[in-house]
Amino acid sequence: MTHKHRIADLLNSESPLEQITVQGWVRTRRDSRDFSFIELNDGSCLANIQVIAEQTIPGFESITLMTTGSAISLRADLIASPGKGQRWELKATRLELLGAAPEDFPLQKKRHSDEFLRTIAHLRPRTNKYGAMFRIRARLAQAIHDFFNSRGVYWIHTPVITGADCEGAGEMFHVTTLDLAKVPLQDSKVNFDKDFFGKEANLTVSGQLSVETFCLSLGKVYTFGPTFRAENSNTSRHIAEFWMVEPEVAFADLNDNMALGQELIKYLVHFVMNNCADDLDLFARFVDPTLMQRLCNIAGEDFPRVSYTDAVSILQQSNHNFVYRPEWGKDLQSEHERFLTEEYFQRPVIVHDYPKQIKAFYMRQNDDDKTVAAMDVLVPSIGEIIGGSQREERLHKLETRIIELGLKPADYWWYLDTRKYGSVQHAGFGMGFERLLMLVTGVSNIRDVIPFPRTPRQLDF
RNA sequence: UCCUCGGUAGCUCAGUCGGUAGAGCGGGUGACUGUUAAUCACCAUGUCGGCGGUUCGAGCCCGUCCCGGGGAGCCA
């Protein structure tokens, strides 16, 4: 089998090459009477390579079929380009049409709207923008693993199908093998005893509870995988299936947790700036002109930390005209978060120690009996990118809280066991991977940073 | 789910006062050229989101449903 060259490697070549094989998809073609120029892309990088094909070479008879979108293979010499605009070009000695793209190929040599490209999500990675997006996505996912691996944090594969609702709230997707046309009933309720697991099953909304048990075994762990929320959310920041990074660290408190969140975000921002420069540049030029400034800002100084109580004071003392008046005890509204991160601090900000009545049962109660050791990392234009807390490690307090919220301790027996045996302070958080991608690329709709977005009433592809 | 703005050619959009529809890009044909989203000439674009209503007549007005954008809530 002949060695096939990636266009990314060819464009970085130190010297000319003779008789190589290159394969890819035609982006555009410019014909002259005696020869044609082909802009070829193989997905290995943003840039195309220019191919020059003279009409005398074998395979040229198919040139008119090598339209935008067609797959071709060619033998060529890599030569210094005599034309302007590129260092290297391929002088083809043989052309072969592998897969034609008829004239109804929907991608054209012009800008398309994101809304249109979403309707052809199976083809959009062939555009510059989405090719860049999904290369960055792949690299960044790997960088997350590298970050944790290099710090001795173990990757735990938490289950996708679960029997308990981690948050004690939030809509979940049911998982069932029951025949929905004739659901078995008992006392006019669904008899899940007849279902696959013999009990009600759902898709996970978070791997947190699972990963907590593992941090109390392996010390530092994380989970990174898809999570599912059946909320009827119709916003540019929510999807029903998204990827979440959830580290959980034993012997760590809220301060350690905030430090880890900041370190992770800074590491990943540095990573894309250093390793995805070409793809990133596309977003900086065509999507968000303020992108590089923002990334430098994030990569720079520490994120300010402010308690929820102080944050509410800042909001109340500002002259900003909010639709919802900031008030202690109520959750921060989007407009409040945006004010804090975009106007007041003008950088990512960590808000911590929230009122316990607006937070989940597993968060550690503070001595003031009013707040819990929770923290959110808020970033400009996106809002919450990380939500986490130090966990309640005291068995009695945790049980009491579960009961207060109307949950059944029996459902959490295995979770409570971890507080019974060798319990220790620990903390963790969840970072939305798609929101990180939005932050890093400046793309404003979450549907455009995941290959095939799942949203209410939308399950194509 | 709520508020709001939209849905017209393959794509991006215009369409005045209600009188059966237009541009650019893309596509086709030809010319020309080491071209760079090439250029020039010519040609064809259509269930005006669906259904119902008002009207002599609806892309335009009314009702309803579907889909999309922006915002809100929920959160990652």
Side-chain angles (χ1 to χ4, degrees), chain A residues 27-39 47-54 64 67-69 79 81-86 89 91 101-120 127-128 166-167 169-171 204-208 224-246 261 322-324 330-338 358-360 376-379 382-388 429-439 444-450 453 455-458 460:
Chain A
R27 281 296 178 76
T28 79
R29 198 185 76 232
R30 295 180 290 274
D31 294 329
S32 296
R33 195 174 59 231
D34 302 330
F35 52 86
S36 291
F37 293 103
I38 296 168
E39 292 288 334
N48 306 321
I49 195 162
Q50 175 167 283
V51 177
I52 178 153
E54 311 233 3
T64 55
T67 50
T68 299
I79 62 170
S81 178
K84 289 173 186 163
Q86 59 279 318
E89 68 182 24
K91 189 170 174 62
E103 60 178 270
D104 59 354
F105 181 64
L107 294 172
Q108 301 166 5
K109 296 183 282 188
K110 53 168 283 194
R111 266 184 73 96
H112 293 285
S113 67
D114 293 321
E115 292 79 17
F116 170 68
L117 291 171
R118 229 171 272 152
T119 68
I120 50 168
T127 64
N128 285 340
C166 166
E167 307 279 333
E171 288 299 312
T204 183
V205 294
S206 163
Q208 182 195 314
F224 181 21
T227 48
F228 307 86
R229 304 273 168 97
E231 301 287 348
N232 188 13
S233 293
N234 293 284
T235 81
S236 54
R237 300 181 310 282
H238 296 84
I239 37 179
E241 176 181 309
F242 64 100
W243 285 60
M244 189 154 63
V245 185
E246 294 175 279
F322 294 112
V323 176
Y324 295 92
K330 290 190 174 170
D331 216 346
L332 298 179
Q333 300 284 318
S334 284
E335 57 176 343
H336 302 151
E337 295 182 349
R338 293 189 65 138
I358 58 172
K359 289 293 182 182
D376 286 352
V377 178
L378 311 178
V379 292
I382 291 158
E384 184 179 345
I385 193 170
I386 280 179
F429 61 79
M431 180 180 76
F433 185 50
E434 282 74 23
R435 291 194 180 168
L436 176 80
L437 281 163
M438 294 168 75
L439 178 71
S444 57
N445 195 312
I446 198 167
R447 297 171 183 86
D448 297 332
V449 303
I450 189 167
T455 51
R457 306 195 65 78
Q458 171 57 257
D460 286 338

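Note on naming: letters A, B, ... go to the chains in the order of the sequence lines (proteins, then strands), and numbering restarts at 1 for each one. If you're wondering where the values come from, they're calculated on a predicted model, not measured in any experiment.
In this structure, of B:rA76, B:rU35, B:rU1, it is B:rU35 that holds the atom nearest to the side chain of A:Phe37. For A:Ser334, whose side chain is taken as the heavy atoms from C-beta onward, the closest listed nucleotide among B:rA72, B:rU35, B:rU12 is B:rA72. For A:Arg229, the listed nucleotide lying nearest its side chain is B:rA76; candidates were B:rG26, B:rA76, B:rG73. Residue A:Asn234 has its side chain nearest to B:rA72 when only B:rA72, B:rU33, B:rC75 are considered. Of the candidates B:rC11, B:rG69, B:rC75, B:rG69 carries the atom nearest the A:Asn445 side chain, counting heavy atoms from C-beta on. Checking B:rU12, B:rC25, B:rU36 against every side-chain atom of A:Gln108, the shortest atom distance belongs to B:rC25. Side chain of A:Thr235, nearest nucleotide from B:rG73, B:rG69, B:rG26: B:rG73. The side chain of A:Arg118 approaches B:rG68 more closely than any other nucleotide in the set B:rU36, B:rA76, B:rG68. Nearest to the side-chain atoms of A:Asn232 among the listed nucleotides B:rU1, B:rA76, B:rG34 stands B:rU1.
For A:Gln333, a side-chain nitrogen or oxygen approaches OP1 or OP2 of B:rG73 to under 4.0 Å. Under 4.0 angstrom from either OP1 or OP2 of B:rC66 there lies no side-chain N or O belonging to A:Arg457. Regarding contacts with the backbone of B:rA38, a side-chain N or O of A:Arg30 is found under 4.0 angstrom from either OP1 or OP2. Side-chain nitrogen and oxygen atoms of A:Thr227 include none within less than 4.0 Å of the OP1 or OP2 phosphate oxygen of B:rA76. Checking the phosphate oxygens (OP1, OP2) of B:rG71, a side-chain nitrogen or oxygen of A:Ser236 falls inside 4.0 Å. At the phosphate of B:rG68, OP1 or OP2 sits under 4.0 Å from a side-chain N or O atom of A:Gln458. OP1 or OP2 of B:rA72 sits under 4.0 Å from a side-chain N or O of A:Arg237. At the phosphate of B:rA37, neither OP1 nor OP2 sits under 4.0 Å from any side-chain N or O atom of A:Thr28.
Pairing partner, B:rC40: B:rG30, with both Watson-Crick or wobble hydrogen-bond distances short of 3.5 Å. In this entry B:rA72 has B:rU1 as its Watson-Crick or G-U wobble partner, both defining distances falling under 3.5 Å. The pairing partner recorded for B:rA9 is none, the criterion being a Watson-Crick or G-U wobble arrangement whose two distances lie under 3.5 angstrom. Using N1 to N3 plus N6-O4 or O6-N4 for Watson-Crick, or N1-O2 and O6-N3 for G-U wobble, each under 3.5 Å, B:rU55 pairs with nothing.
Within the 4.0 angstrom heavy-atom criterion, only backbone atoms of the sugar-phosphate kind lie near A:Gly387; the bases stay farther away. Within 4.0 Å (heavy atoms only), A:Glu89 reaches at least one base atom of the nucleic acid. Here A:Ile52 lies in heavy-atom contact (under 4.0 Å) with a base. Within the 4.0 angstrom heavy-atom criterion, no nucleotide atom of any strand lies near A:Met431. The residue A:Pro106 sits apart from the nucleic acid: no heavy atom pair falls under 4.0 Å. Across all strands shown, A:Ile239 has heavy atoms under 4.0 Å from base atoms, whether or not it also approaches the sugar-phosphate.
Side-chain N or O atoms of A:Thr227 include one that pairs as donor or acceptor with a backbone N or O of A:Phe242 at under 3.5 Å. Using modelled atom types, no side-chain atom of A:Asp376 and backbone atom of A:Leu378 make a donor-acceptor pair closer than 3.5 Å. Without hydrogens or angle criteria, A:Gln86 side chain to A:Gln50 main chain gives no donor-acceptor distance under 3.5 Å. The main-chain N or O of A:Ala101 is found under 3.5 Å from a side-chain atom of A:Thr67 such that the two form a donor-acceptor pair.
The base of B:rC75 lies close enough to the side chain of A:His238 for a donor and an acceptor atom to sit less than 3.5 Å apart. Between the side chain of A:Ser113 and the base of B:rU12, no donor-acceptor pair under 3.5 Å is found. Between the side chain of A:Ser233 and the base of B:rC75 there is no donor-acceptor pair of N/O atoms closer than 3.5 Å. You won't find any donor-acceptor pair under 3.5 Å spanning the side chain of A:Glu115 and the base of B:rG6, going by distance alone.
Atoms OH (A:Tyr324) and P (B:rC74) sit 9 Å apart, rounded to a whole Å. Rounded to an integer number of Å, the gap from A:Phe35 CZ to B:rC32 C1' is 11 Å. With rounding to whole Å, A:His112 atom NE2 is found 16 Å from B:rA37 atom P. Spacing between atom CG of A:Asn48 and atom C1' of B:rU36 amounts to 11 Å, rounded to whole angstrom units. Atom-to-atom, CZ of A:Arg338 to C1' of B:rC75 comes out at 16 Å; the value is rounded to the nearest Å. Across the protein-nucleic acid pair, A:Leu332 atom CG and B:rG73 atom C1' stand 14 Å apart, rounded to whole Å. A:Glu171 places its CD atom 18 Å from the P atom of B:rG73, with the value rounded to the nearest Å. In this entry the distance linking CD of A:Gln86 with C1' of B:rG34 reads 9 Å, nearest Å.
Here the CD atom belonging to A:Glu39 is positioned 10.5 Å from the OG1 atom belonging to A:Thr68, to the nearest 0.5 angstrom. Distance check: A:Ile120 CD1 to A:Leu107 CG gives 4.5 Å after rounding to the nearest 0.5 Å.
For the P atoms, the distance linking B:rG19 with B:rG59 amounts to 9 Å, nearest Å. Across the P atoms, B:rC56 and B:rC2 are found 37 Å apart, a figure rounded to whole Å. When the C1' atom is used for both B:rG49 and B:rA9, the distance is 15 Å, rounded to whole Å. Between B:rU39 and B:rU33, the distance separating the two C1' atoms is 8 Å to the nearest Å. Comparing B:rG10 with B:rA44, their C1' atoms are spaced 13 Å from each other, to the whole Å. The separation of B:rG46 from B:rC32, taken at their P atoms, amounts to 32 Å, rounded to a whole angstrom. Spacing of P atoms, B:rC3 relative to B:rU64, comes out at 12 Å, to the nearest Å. Between B:rC11 and B:rG26, the two P atoms lie 15 Å apart (nearest whole Å).
Positionally, the nearest nucleotide of RNA chain B for A:Pro456 lies more toward the 5' end than for the other of A:Glu384 and A:Pro456.
Using cut-offs of 30° and 60° for the angle between ring planes, the A:His112 and A:Phe116 rings count as tilted.
Two rings, from A:Tyr324 and A:His336, have their centers 6.0 Å or more apart.
Here the rule is side-chain contact (heavy atoms from CB on, under 4.5 Å) with A:Ile382, and of A:Arg435, A:Arg338, A:Glu337 only A:Arg435 fits it.
More than 12 heavy atoms of other residues, nucleotides or ligands shown are found within 6.0 angstrom of CZ on A:Arg30.
Regarding the sugar-base torsion, B:rU20 falls in the syn class, its angle being within 90° of 0.
Both thresholds, 5.5 Å between centres and 30° between ring planes, are met by A:Phe242 relative to the base of B:rA76, so the two rings are stacked.
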